[in-house]
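Given the structure is predicted, the values throughout are model-derived calculations rather than measurements.
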Amino acid sequence: MSMTQALTRVGEIRTEISALQDPTAARGASSTGTTGTTGTTGTASGTGTASATDFASVLAAVGAGDAKGSSDLFGSLLSSLTGSSTGTGTGTSPGSLDLAGLFSSLAAGSRSAGSATSAGAAAAVTPPAAATTGAATGAAGKAGAILDTAKQYLGVPYVWGGESLAEGGLDCSGLVQLVFGAHGVDLPRVAKDQMRQGTEVASLAQAQPGDLVVQRGGKHIGIYLGDGQMIHAPKPGRTVEITPVTDASVTTIRRVLG
């Protein structure tokens, strides 16, 4: 629907609304509405019924235009409905003023809806924070479970080559392999192979609980607990224990979780 057609139909609708407000005067009569903005005269029968389809057609015509055209058309519609255009507006009534307010609200709502749609589209392409941090949260949870398992072996005697309690004790790499294996993380058997797993961590300042702490050039290994401490099986005559660790004593730190 063109602007001219839309304005013509608005004049007709306005007349029909007037007829609804005074049905006895309009029954069987015809009325004429002139819109001064366009100079177009529209004639409609006073049937006493306003067509919702016609309203939808007018609004669709407005929505189909560009931003400036839509704005101009709304202005013309409002002028026509309120009789404030440069031409002669007939049939002006409280009912038509209310309709003008409705068109004004629709115009504002249309602009607001457009803004909301744009904001929604932006939100849709922005990954949620939970998706970004989910992997890190899972790794931290798994590390906590691994540390809890490791602490269950506190007090177990050091036995060289020991990799299960059935052997009477554990050595350092045997403890690491046993604990991580209980949580589905497969590691080689000896410390020199374990120290090549995962990715390197620059220092204890960047270390996280569950990282592997390698000492003495790969001859010894333990599990970092955080706060400058690790759990390990130290040497014959000792038991699995928690001990402080410093960068000076570290050969490398390896991250095998996450």
Side-chain angles (χ1 to χ4, degrees), residues 119-258:
V125 299
T126 304
T132 305
T133 59
T137 301
K142 192 167 191 176
I146 285 173
L147 298 185
D148 287 342
T149 298
K151 290 175 183 178
Q152 294 176 9
Y153 294 99
L154 286 170
V156 171
Y158 177 95
V159 172
W160 188 86
E163 54 189 43
S164 71
L165 295 184
E167 298 174 62
L170 303 166
D171 64 11
C172 63
S173 57
L175 172 68
V176 169
Q177 184 187 53
L178 180 64
V179 169
F180 277 84
H183 295 274
V185 181
D186 294 326
L187 294 175
R189 173 62 186 86
V190 299
K192 283 197 173 184
D193 291 332
Q194 291 174 354
M195 69 182 288
R196 297 186 180 94
Q197 305 302 300
T199 57
E200 187 171 22
V201 177
S203 69
L204 287 174
Q206 286 80 47
Q208 297 177 0
D211 289 345
L212 303 182
V213 178
V214 181
Q215 297 176 318
R216 303 204 299 267
K219 295 179 180 179
H220 187 67
I221 194 167
I223 305 170
Y224 190 63
L225 297 177
D227 298 325
Q229 294 186 316
M230 74 175 186
I231 184 169
H232 69 147
K235 62 181 180 180
R238 303 267 293 275
T239 63
V240 175
E241 64 182 17
I242 295 173
T243 188
V245 60
T246 65
D247 282 315
S249 66
V250 172
T251 301
T252 186
I253 302 168
R254 308 295 294 189
R255 182 160 299 154
V256 294
L257 300 176

Output, in order, the C-alpha distance, side-chain angles, deciding distance and verdict of side chain to side chain contact (heavy atoms under 4.5 Å, CB included) for K142 and V185.
CA-CA 10 Å; K142 192 167 191 176; V185 181; 3.8 Å; yes

T252 and R196: side chain to side chain contact (heavy atoms under 4.5 Å, CB included), yes or no, with the steps?
CA-CA 9 Å; T252 186; R196 297 186 180 94; over 6 Å; no

Pair V240-Y158, side chain to side chain contact (heavy atoms under 4.5 Å, CB included): steps then yes or no:
CA-CA 7 Å; V240 175; Y158 177 95; over 6 Å; no

For I221 and H232, what are the C-alpha separation, side-chain angles and deciding distance, and is it a side chain to side chain contact (heavy atoms under 4.5 Å, CB included)?
CA-CA 7 Å; I221 194 167; H232 69 147; over 6 Å; no

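Side-chain atoms of R254 come within 3.5 Å of backbone atoms of M195 as a donor-acceptor pair (strictly under, hydrogens ignored).
Residues Y224 and I253 are not in side-chain contact: their nearest non-hydrogen atoms beyond the backbone lie 4.5 Å or more apart. In this structure, the side chains of L257 and I146 come closer than 4.5 Å at one or more pairs of heavy atoms. Side-chain contact between L212 and F180 is present, with at least one heavy-atom pair separated by less than 4.5 Å. Considering only heavy atoms from C-beta on, P188 stays 4.5 Å or farther from Q177 through its side chain.
Among the candidates V176, V214, V256, the single residue satisfying the side-chain contact (heavy atoms from CB on, under 4.5 Å) test with Q194 is V176.
R216 and T251 share no side-chain donor-acceptor pair at under 3.5 Å. Side-chain atoms of Q206 and S203 include a donor-acceptor pair closer than 3.5 Å.
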